[in-house]
Amino acid sequence: MKRLLGSTAAKIIAFLCLCVFVPLTVGCAFGTVYCYHSGVYAERSEFQNSRICQSFVRSRLSDIKDFIYWNDISAVPESMYYYKDSSFTYKILDSEGKTVIDTTNERSVLSVEDYVIFEVDSYGKHTNEYSANGYINMPVQPTDSVYIYKIAYDMQGRLPKITVGMGILSLVLLIFLLASAGIGKDGTAALRGLNRCWLDVFAVICGTVFFGGTEILISEMRYSGGNALNIAVIAVGLVCITAVALLFLMSAAAHFKVKGWWRHTAIYNIVMAVWRFIKWVVCSLPRVWKLLLVYGVFVLLNLIGISLFWIDGNGLALLTVIITDICGIVFMIFFSEQIGKLRIASEALAAGNYEYKTDASSMWFGLK
């Protein structure tokens with residue numbers, strides 16, 4: 001087992017398989033949920049009469065209805081080029097049953113019949129009434145925008161099984177990848193290669209790519225068609241963001257296996273660098289200046305409080321803070337002076353001058 005966890009080839013194979021299996025699992029899961037909410041599992045009709053297909057055709061007819069409502073029906077064949085979908089055709093009939101517009105072809109199969117459309121005048125009154133029939137082109141071609149719906153409909157019985165099977169297999173491979181992350185051929189955990197990158201920096205990079213790519217994919221799925229080309233673009237995008245997510249999970253797993261993993265983060269190194277600088281500055285100062293430096297930080301924080309009190313208009317609290325700071329400054333001046341006398345006396349004693357005397361009568365009890 002240790003040899004398998006340390007095998008580079010096994011990790012690469014598991015990684016590549018997961019990059020494919022995870023998008024497949026996600027796609028099948030979405031297809032299953034979509035078929036369930038669309039009521040597909042409750043019917044066994046042909047595709048052109050299914051709820052998925054009829055919903056698609058009705059949405060196209062609704063767009064035509066809105067266009068005719070705000071424009072003139074004579075402008076439809078020239079202006080409705082967007083709705084000349086390769087998988088959708090329509091026929092509009094007037095109140096006498098005469099065909100006004102007909103875009104059907106030899107592949108067109110009736111899906112929705114007698115969809116009512118009104119034409120209105122400038123006052124918003126109904127002037128003419130039309131009935132529209134929506135058709136779907138069968139058989140569905142890979143270039144049709146309804147192609148993905150046809151795939152989901154044809155695979156409705158297999159989608160739940162594929163989702164469960166792919167999900168279990170993906171979970172097993174993910175556990176193996178996380179268990180083998182950072183493990184070398186000798187069976188020990190260490191940070192190698194890409195894992196040497198600071199974890200938080202790598203998390204920011206992966207998070208930016210992942211969420212940015214996800215937003216692009218959502219926009220692509222929402223506004224693009226459902227033909228084979230769009231499906232391929234979305235599939236490639238899912239593979240890429242899956243790879244980014246797996247790289248981060250493997251890097252995080254490798255860091256957590258190493259003792260003191262927090263030392264391999266940018267935040268820790270920055271904080272420690274600032275701490276070492278402050279420590280160097282403080283250690284280089286005399287004792288009196290150290291005390292003044294500490295109290296200076298205290299005064300700075302109080303100044304921030306004063307500004308807040310000033311903004312709130314609390315005069316009494318502002319006066320209290322100012323008096324407290326003045327008293328503190330006076331206290332620090334006298335205290336620093338007494339500490340300075342003791343420092344001079346200690347330096348004299350250290351130099352061998354045992355007859356050196358200093359007046360401690362005026363010093364505070366603790367310094368006496």
Side-chain angles (χ1 to χ4, degrees), residues 1-38 40-41 147-185 187 189 191-195 197 199 202-222 226 228 230-257 261:
M1 188 63 183
K2 289 184 178 181
R3 293 182 59 184
L4 183 62
L5 292 176
S7 174
T8 304
K11 296 177 186 178
I12 294 175
I13 294 173
F15 180 84
L16 295 177
C17 289
L18 266 179
C19 289
V20 177
F21 291 164
V22 170
L24 281 176
T25 304
V26 173
C28 291
F30 273 109
T32 302
V33 173
Y34 180 78
C35 289
Y36 177 78
H37 285 287
S38 301
V40 172
Y41 293 126
Y147 183 70
I148 189 172
Y149 302 101
K150 184 65 166 60
I151 293 177
Y153 189 81
D154 292 340
M155 296 182 62
Q156 57 181 286
R158 297 188 294 271
L159 282 177
K161 300 177 183 178
I162 296 175
T163 302
V164 173
M166 286 290 182
I168 294 175
L169 186 57
S170 299
L171 183 60
V172 172
L173 290 176
L174 179 61
I175 293 174
F176 169 76
L177 271 184
L178 296 181
S180 62
I183 304 297
K185 294 182 179 180
L191 297 179
R192 304 176 180 88
L194 191 62
N195 294 330
C197 180
L199 182 59
F202 193 61
V204 171
I205 296 173
C206 291
T208 302
V209 176
F210 180 84
F211 290 108
T214 302
E215 186 175 352
I216 294 174
L217 285 180
I218 292 175
S219 177
E220 181 72 16
M221 288 186 289
R222 182 177 299 173
N230 297 123
I231 297 173
V233 171
I234 294 172
V236 172
L238 284 174
V239 169
C240 293
I241 64 175
T242 301
V244 171
L246 289 176
L247 286 175
F248 170 70
L249 290 176
M250 292 178 64
S251 179
H255 278 81
F256 292 152
K257 292 175 186 177
W261 61 269

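Bear in mind the structure is a predicted one, so any value in this text is a computation, not a measurement. For the single chain, residues carry numbers from 1 onward in sequence order. Both backbone and side-chain heavy atoms feed into the values below; hydrogens, waters and symmetry mates do not.
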Interatomic distance, Ile12 atom CD1 to Cys17 atom SG [nearest 0.5 angstrom]: 11.5 Å
CG on Leu177 to CG on Leu18, rounded to 0.5 Å: 5.5 Å
Thr163 to Ala29 - nearest heavy-atom pair and separation: OG1-N, 3.5 Å
Partner set under side chain to side chain contact (heavy atoms under 4.5 Å, CB included) for Val209, not counting sequence neighbours: Val244
Rounded distance (nearest 0.5 Å) linking atom CD1 of Ile216 with atom CD1 of Ile234: 12.5 Å
Close side-chain approach of Leu217 and Leu238, heavy atoms under 4.5 Å: yes
Heavy atoms of other groups near Phe256 CZ, more than 12 under 6.0 Å: yes
Any donor-acceptor pair under 3.5 Å from Ser251 side chain to Leu247 backbone: no
Interatomic distance, Cys197 atom SG to Phe248 atom CZ [nearest 0.5 angstrom]: 11.0 Å
Distance in Å, Ile162 CD1 paired with Thr25 OG1, rounded so as to fall on 0.5 Å steps: 10.0 Å
Sole candidate of Leu178, Leu173, Val172, Leu171 that passes side-chain contact (heavy atoms from CB on, under 4.5 Å) when paired with Ile175: Leu171
Flag, side chain of Lys11 to backbone of Ala181, donor-acceptor distance under 3.5 Å: no
Leu174/Leu249 under side chain to side chain contact (heavy atoms under 4.5 Å, CB included): CA gap, chis, key distance, verdict: CA-CA 9 Å; Leu174 179 61; Leu249 290 176; 4.3 Å; yes
Atom pair CZ/CG of Phe21 and Leu16 - distance to nearest 0.5 Å: 10.5 Å
